[in-house]
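Letters go in sequence order (proteins before strands), and every chain restarts at 1. Only this structure's heavy atoms are used, side chains among them; waters, hydrogens and symmetry mates stay out.
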2 protein chains.
Amino acid sequence: MAQGQLAAVPEPKYWHLRTVLVRTIDAEFSTGQILPNERELASRFGVARATLRQALDQLELEGRLVRRRGIGTLIAAPRVGVPVSRREEGWPGAARSQSWRSVDCVSAPASAQIALALGIAPGETVHTVRRLRLVQGQIMATESLHVPDSVLPQLPAVPHVVGGDGEPARSVLRRLERLGIDGESRSVELGVAEADQAVLLERPPGTPVLIVTTQYASAGRLVGLAVSTYRADTCKLTFGETGLVEVTPVEAQQPVGAAS
Amino acid sequence: MAQGQLAAVPEPKYWHLRTVLVRTIDAEFSTGQILPNERELASRFGVARATLRQALDQLELEGRLVRRRGIGTLIAAPRVGVPVSRREEGWPGAARSQSWRSVDCVSAPASAQIALALGIAPGETVHTVRRLRLVQGQIMATESLHVPDSVLPQLPAVPHVVGGDGEPARSVLRRLERLGIDGESRSVELGVAEADQAVLLERPPGTPVLIVTTQYASAGRLVGLAVSTYRADTCKLTFGETGLVEVTPVEAQQPVGAAS
DNA sequence: TAGTGGTCTAGACCACAAA
DNA sequence: TTGTGGTCTAGACCACTAT
């Protein structure tokens, strides 16, 4: 690993540093390897530690690095492609949904925002199922599924436990599925994990996440709202609308750059 | 705007600061308003400017703030919902594609990555159309569409100008459309704008973007690869698979939080 | 105990926009 | 010219992990 001399360019040092590091990483490091520590790197490039960290921050945001306190800075594995679609991921009642882990299930009056997004009156009872999505054994996302009580007419008196083992949650999911979902509308945006999500994701607060908001419809009316937060560092959301040619082992480094 | 006393909590100062600022912003500020300057805010909260900036960084990543050098820090407008789907956005030949602006169109040997993703041999000629996506007059995304030469058999000798006025680009798009696209496969991930994209987006390098990679298929084979980078600060990508109930004027603040 | 990344400080200077 | 955010520094201390 060479030591750069950081040319006197008009671009910020940290950005130039990032570029140098990208090249170095691609050329001399591979997944799982540990970079020299920050103080070492900083002195090697002749910059303050804070400046070096600014460059590392960028690379971490891009999912190229993982930093572990007490350990070091490692080269991250390529992002995992996570299918986002009711069919592919084995939603509610589906069989292979072993990649979901129920967290809890509560019934409460809808908050203003939830009510708005569900098209119901604020304060109306809403059942909320929280669960985690696992991919390759790793926690990749949290999800809160909100279903108005009015949609599940005869929800049996299932104990709406907090921290339950998942049985009540599955009950809600199963009933929702039975309605026959015939429409989904999604949105994806960038966000940061608040305290709740951060704990579930086992990440520090402020971790960047991809927020996926899904509206489920049945017979032309909204029956559910799911808000999922995916770890932005390790996830690549995939929306396979059709069984398309699978030629994409592009697990190289860059997400297939711009025009060459 | 109150001045916080920053309780001695076990959480980082900058994170607590962020929380305080979120509350303050929601309560006392509205879109377009300017926050007190950083030095002022820092002293008001009794922290170093760097710490305050760390909190502002978070809020900017969330799309709640916009910082303009020489001006100040403003409350950002709610994110714009941007439909991502061939039909809805009026792709290639469509009429209402006035929201696209051609940048240039070049033909060159495919890079290794592009070739891989397109399932062709590296070095094979690929036509690349670059264009910008405008929403409400604002540049929201850049797109590079790569089409193998072998897919467009008799591409007339259109001048593949760099910085052209868009005519050659439209030609490629039209021909591609004529093939009959019958499949799309997408992925979304977080990235940062490199130099090229940054210039086109009129943003500084390192700007967070949502990278949308789309594979287009026709008659079972890949005919195109589009790599779009959307401004993560101002965009909310929407994937409306069906004409679903449009009840979402949830342009409040939070992207519809977790369980209440 | 030693080594790592995470947080925080106080200050300096620069680039940019407006008056 | 003034005020703003953007960059950079040198140093301190903390929290965590391994040994």
For residues 46-55 of chain B, which side-chain N or O atoms pair as donor and acceptor with protein atoms under 3.5 Å away, sequence neighbours left out?
from, atom 1, to, atom 2, distance (Å)
B:Arg49, NE, B:Glu38, OE1, 3.0
B:Arg49, NH2, B:Glu38, OE1, 3.0
B:Arg53, NH1, B:Glu38, OE1, 3.2
B:Arg53, NH1, B:Glu38, OE2, 2.9

Distance (rounded to the nearest 0.5 Å) between A:Glu143 CD and A:Arg131 CZ: 4.5 Å
Over all atoms of both residues, closest heavy-atom pair of A:Ala110 and A:Val126: CB-CG2, 3.5 Å
For B:Glu40, all residues meeting salt bridge (Lys or Arg N to Asp or Glu O under 4.0 Å), sequence neighbours excluded: B:Arg44
Partners meeting side chain to side chain contact (heavy atoms under 4.5 Å, CB included) with B:Val66 (sequence neighbours left out): B:Arg68, B:Ala76
Leading and trailing nucleotides of DNA chain D with any atom under 4.0 Å from heavy atoms of chain B: D:dG3 to D:dT7
Touch class at under 4.0 angstrom, heavy-atom based, for A:Arg68 against every strand present: sugar-phosphate
Every protein N/O lying under 3.5 Å from an N/O of nucleotides 15-19 of chain C:
from, atom 1, to, atom 2, distance (Å)
C:dA15, O4', B:Arg69, NH1, 2.9

For A:Thr142, all residues meeting side chain to side chain contact (heavy atoms under 4.5 Å, CB included), sequence neighbours excluded: A:Leu132, A:Gln197, A:Leu200, A:Leu201, A:Thr229
NZ/NE/NH1/NH2 to OD/OE distance under 4.0 Å, B:Asp26 and B:Arg64: yes
Residue closer to the 5' end of DNA chain D, B:Arg53 versus A:Ala48 (nearest nucleotide): B:Arg53
Length of the CD-P vector between A:Glu40 and C:dG5, whole Å: 11 Å
Salt bridge B:Arg18-A:Glu194, side-chain N to carboxylate O under 4.0 Å: yes
